[in-house]
Amino acid sequence: MPSGELAIIRCKIIYNPDIALAMYRELASHIEQIEDVKAELFWQDSKEFSYLGSQIGGMWLTYPQAISAQSQLLINRILNVYGAWISEPNISLV
């Protein structure tokens with residue numbers, strides 16, 4: 001990697017059980033207040049509509065590999081507030 005370029009980590013965050021669209025938007029808003037962290041929502045893959053399901057399939061989380069331990073802890077705490085989640089690939093947040 002040429003000098004001056006930052007290594008970026010991009011992972012998929014999925015909640016189980018699903019959380020609502022409004023909750024994903026709120027979550028993304030909170031996450032993006034952390035410096036150098038971006039959140040992007042993606043649509044549900046299912047073709048079947050469900051009133052009880054979420055329109056959102058999950059969230060892409062992008063941040064520099066050299067993110068501070070304090071920011072990692074904050075990301076983890078924010079994600080945990082909204083319920084049980086998994087990441088692909090598995091991320092190692094403090």
Notebook entry, point to check: Is there a side-chain contact between I75 and I34 (heavy atoms, below 4.5 Å)?
Noted result: yes
Handout entry: Any donor-acceptor pair under 3.5 Å from N76 side chain to Q72 backbone
Key = no
key: Side-chain donor/acceptor of E40 to backbone N/O of M59, under 3.5 Å   = no
- request: For the residue pair F42 and K12, establish whether any side-chain heavy-atom pair is separated by less than 4.5 Å.
  value: yes
Mind checking whether D18 and Q44 have side chains closer than 4.5 Å, heavy atoms only?
yes
CG (L27) and OH (Y15) are apart, to the nearest 0.5 Å, by 4.5 Å
Exercise for review: Would you check if L79 and W85 make a side-chain contact, meaning some heavy-atom pair closer than 4.5 Å?
Suggested key: yes
- [ ] For residues I13 and W60, determine if any side-chain heavy atom of one lies less than 4.5 Å from a side-chain heavy atom of the other.
- [x] no
Other residues, nucleotides and ligands only: do more than 12 of their heavy atoms fall within 6.0 Å of CZ on R10?
yes
Does L61 belong to the same Ile/Leu/Val/Met/Phe/Trp/Tyr cluster as W43, with side-chain heavy atoms less than 4.5 Å apart forming each link? yes
Checklist entry - According to a 4.5 Å side-chain heavy-atom criterion applied to Ile, Leu, Val, Met, Phe, Trp and Tyr, with indirect links allowed, do I31 and L21 form part of one hydrophobic cluster? => result yes
Closest non-hydrogen atoms of Y24 and G58, given as atom of the first, atom of the second and distance, are OH-CA, 3.6 Å
Sub-4.5 Å side-chain heavy-atom contact between E88 and I14: yes
The side-chain hydrogen bond (donor to acceptor under 3.5 Å, both in side chains) partners of T62 (sequence neighbours excluded) come to none
>> Using side-chain heavy atoms (C-beta onward) and a distance below 4.5 Å, is R25 in contact with H30?
In response: no
Residue set satisfying side-chain hydrogen bond (donor to acceptor under 3.5 Å, both in side chains) with E26, at least two apart, ordered chain then number -> Y82
- request: Determine whether L74 and V37 make a side-chain contact, defined as any pair of heavy atoms from C-beta on separated by less than 4.5 Å.
  value: no
